[in-house]
> 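Below you'll find the structure I mean.
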2 protein chains.
Amino acid sequence: MTIDPSDIKRICRDNGLRLTAPRKIIVETLLEATDHPDAVELHRRVTTISPRIALSTVYRTLVALSEKGVLEKHNFGNGPARFETVDREHHDHLIDVVSGNVIEFRSGEIERLQEEIARQHGYEIVSHKLEIYVRPAKRRRSKISAARHRRQSAK
Amino acid sequence: MTIDPSDIKRICRDNGLRLTAPRKIIVETLLEATDHPDAVELHRRVTTISPRIALSTVYRTLVALSEKGVLEKHNFGNGPARFETVDREHHDHLIDVVSGNVIEFRSGEIERLQEEIARQHGYEIVSHKLEIYVRPAKRRRSKISAARHRRQSAK
DNA sequence: TTCAGTGCAAAACTTTTGCAGTGAG
DNA sequence: CTCACTGCAAAAGTTTTGCACTGAA
């Protein structure tokens with residue numbers, strides 16, 4: 001399900017969009033991103049490659065591709081909308097409200113319970129969105145984040 | 001758990017906030033609202049009562065009371081943030097994409113799993129948002145929605 | 001009396017749009 | 001050749017902030 005940069009041409013064609021140079025760079029940059037950049041941050045990155053790309057072009061590209069379902073637009077908390085390519089399996093998000101970091105996770109058990117709830121009400125699920133807003137725990141640190149902390153402190 | 005206008009004074013006192021005339025009108029107006037107004041709409045309503053209340057006062061009040069947990073701030077889709085008083089127990093939402101109906105539900109089990117996920121990553125939960133987008137199931141209809149369906153068809 | 005809260009104006013921030021020119025199909 | 005797309009600038013929309021004044025506690 002992963003999107004390869006070589007797929008961009010096909011994706012545009014399939015959606016009736018022209019593959020222009022700015023658009024190619026914007027999508028490639030978003031594919032490379034492991035975080036969930038907002039439009040301004042993405043613009044900052046693409047302009048290191050091609051300095052004349054306008055912020056409005058970034059916005060227009062993000063709007064167009066979100067509408068086609070190629071990208072997902074997230075409204076986490078207050079700030080600007082943040083984007084990611086739909087290139088992996090479905091996942092939900094932990095949002096660290098202190099740092100703004102977003103951590104992806106997946107819980108088959110929660111999804112099973114959602115199915116159950118929907119069924120109990122006579123529905124079937126079309127899609128869902130689960131966002132857990134968190135802050136670093138006071139007492140303990142998990143093995144996962146402890147490892148991340150060591151890595152970051154090591155630089 | 002419902003908030004009565006007479007509780008506003010106590011709510012402010014308990015949270016270390018002064019009960020001013022603008023603040024009282026703003027909270028009363030939000031309590032009356034059955035929708036989820038944004039700041040501008042709320043300002044429009046309060047100024048019909050007291051025309052000199054500033055939009056910035058509405059924002060500051062909404063920010064202050066959201067931080068205290070008296071209000072909930074929602075970022076639905078793109079537009080401005082929308083607010084509601086926290087006068088019932090926490091709930092999540094099933095959104096029927098066909099009819100637009102919103103059904104509130106609560107799952108202690110899902111919330112417990114969320115706690116677990118956050119803890120595993122070294123975080124504690126600040127808040128969460130779960131929206132399940134659904135459509136009526138093909139085969140069966142639950143007792144709950146069958147009863148609702150009869151009620152709505154009866155009019 | 002004190003300082004949290006206010007109104008007003010201006011700024012900051014996010015996103016959209018008008019327009020004339022360009023290049024993908 | 002067309003017109004979808006672009007860069008630029010300006011506008012629109014949302015939220016925050018500086019400041020001097022007011023009034024709740």
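All chains are named by letter (A, B, ...) in the order of the sequence lines, taking the proteins before the strands, and each is independently numbered beginning at 1. Reckoned from all heavy atoms, side chains included, excluding hydrogens, waters and symmetry mates.
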> Are A/H121 and A/Y123 close enough that their ring centers fall under 6.0 Å?
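For A/H121 and A/Y123, the ring centres are not under 6.0 Å apart.
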> Would you call B/R13 and B/L19 a side-chain contact if the rule is heavy atoms closer than 4.5 Å?
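When only atoms from C-beta onward are counted, B/L19 and B/R13 do not touch, as no gap falls below 4.5 Å.
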> Give the minimum heavy-atom separation between B/V134 and A/A118, together with the two atoms involved.
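Answer, listing the atom of B/V134 first, then A/A118: CG1-CB, 4.2 Å.
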> Has the side chain of B/D14 got a donor or acceptor atom that lies under 3.5 Å from a matching backbone atom of B/I11?
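The answer is no, because no donor-acceptor pair under 3.5 Å joins these two groups.
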> What's the shortest heavy-atom distance between A/D96 and A/R135, and which atoms?
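What the structure gives for the nearest pair is OD1-CA, 4.3 Å.
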> Strictly by modelled atom types, are B/N75 and B/K129 linked by a side-chain donor-acceptor pair under 3.5 Å?
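Not at all, the side chains of B/N75 and B/K129 share no donor-acceptor pair under 3.5 Å.
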> At their closest point, which heavy atom of B/V86 faces which heavy atom of B/G69, and how far apart are they?
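Minimum heavy-atom contact is CG2-O, 3.7 Å.
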> Does the distance from a Lys or Arg side-chain N to an Asp or Glu carboxylate O, for A/K24 and A/E28, drop under 4.0 Å?
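Salt bridge between A/K24 and A/E28, a charged N being under 4.0 Å from a carboxylate O: yes.
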> Name the nucleic acid region contacted by B/A64, choosing base, sugar-phosphate or nothing; use a 4.0 angstrom heavy-atom cut-off, strictly under.
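Result for B/A64 = nothing.
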> Heavy atoms within less than 4.0 Å of DNA chain D: which residues of residues 45-61 of chain A have one? Give them sorted by number.
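Correct list: A/R52, A/I53, A/A54, A/S56, A/T57, A/R60.
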> Report the residue (B/A81 or B/K9) whose heavy-atom-nearest nucleotide on DNA chain D is the more 5′ of the two.
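That would be B/A81.
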> Could you tell me the separation between the CZ atom of A/R82 and the C1' atom of C/dT14, rounded to a whole number of Å?
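Going from CZ in A/R82 over to C1' in C/dT14 covers 15 Å.
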> Does the side chain of B/T29 reach to within under 4.5 Å of the side chain of B/I25, using non-hydrogen atoms?
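Heavy-atom side-chain distance check passes, below 4.5 Å.
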> To the nearest 10 degrees, what angle separates the axes at the start and end of the helix from C/dT1-D/dA25 to C/dG25-D/dC1, five pairs each?
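End axes: 40° apart.
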> Considering only residues two or more places apart or on different chains, which pairs with a residue in residues 53-72 of chain A satisfy ring-ring contact (aromatic ring centres under 6.0 Å, His included)?
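Applying ring-ring contact (aromatic ring centres under 6.0 Å, His included) to every pair that reaches into residues 53-72 of chain A, excluding sequence neighbours, yields nothing.
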> Among residues 11-30 of chain B, which contact DNA chain D at a heavy-atom distance under 4.0 Å?
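Heavy-atom cutoff 4.0 Å gives B/R18, B/L19.
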> Hey, does A/L130 have a side-chain heavy atom less than 4.5 Å from the side chain of A/F105?
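They are in contact (side-chain heavy atoms under 4.5 Å apart), so the answer is yes.
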> Within residues 31-42 of chain A, which residues have any heavy atom lying less than 4.0 Å from an atom of DNA chain D?
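By residue number: none to list.
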> Please report the shortest heavy-atom distance between B/L17 and B/R23, naming the atom on each side.
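Between these two residues, the closest heavy atoms are CB-NH1, 3.6 Å.
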> Show every donor-acceptor pair shorter than 3.5 Å between a side-chain atom in residues 34-45 of chain A and any protein atom, with sequence neighbours excluded, or say none if there are none.
unit_1	atom_1	unit_2	atom_2	d
A/D35	OD1	A/R45	NH1	3.2
A/D35	OD2	A/R45	NH2	2.6
A/H36	NE2	A/E84	OE1	3.3
A/H36	NE2	A/H93	NE2	3.4
A/H36	NE2	A/E104	OE2	3.2
A/D38	OD1	A/V40	N	3.0
A/D38	OD1	A/E41	N	2.8
A/E41	OE1	A/R44	NE	3.1
A/E41	OE2	A/R44	NH2	2.8
A/E41	OE2	A/R45	NE	2.7
A/E41	OE2	A/R45	NH2	3.0
A/H43	NE2	A/I53	O	2.8
A/H43	NE2	A/L55	N	3.3

> To the nearest Å, how far apart are A/F83 CZ and C/dT15 C1'?
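Rounded to the whole Å, the gap is 10 Å.
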> Roughly how many Å is it from CG in A/N78 to P in C/dT15, rounded to a whole number?
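To the nearest whole Å, that distance equals 12 Å.
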> Would you mind reading off the distance between B/E67 atom CD and C/dG5 atom P, rounded to a whole angstrom?
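Going from B/E67 (CD) to C/dG5 (P), I get 11 Å.
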> Specify the separation, in whole Å, of atom CG of B/L62 and atom P of D/dT14.
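Checked: the CG to P distance equals 14 Å.
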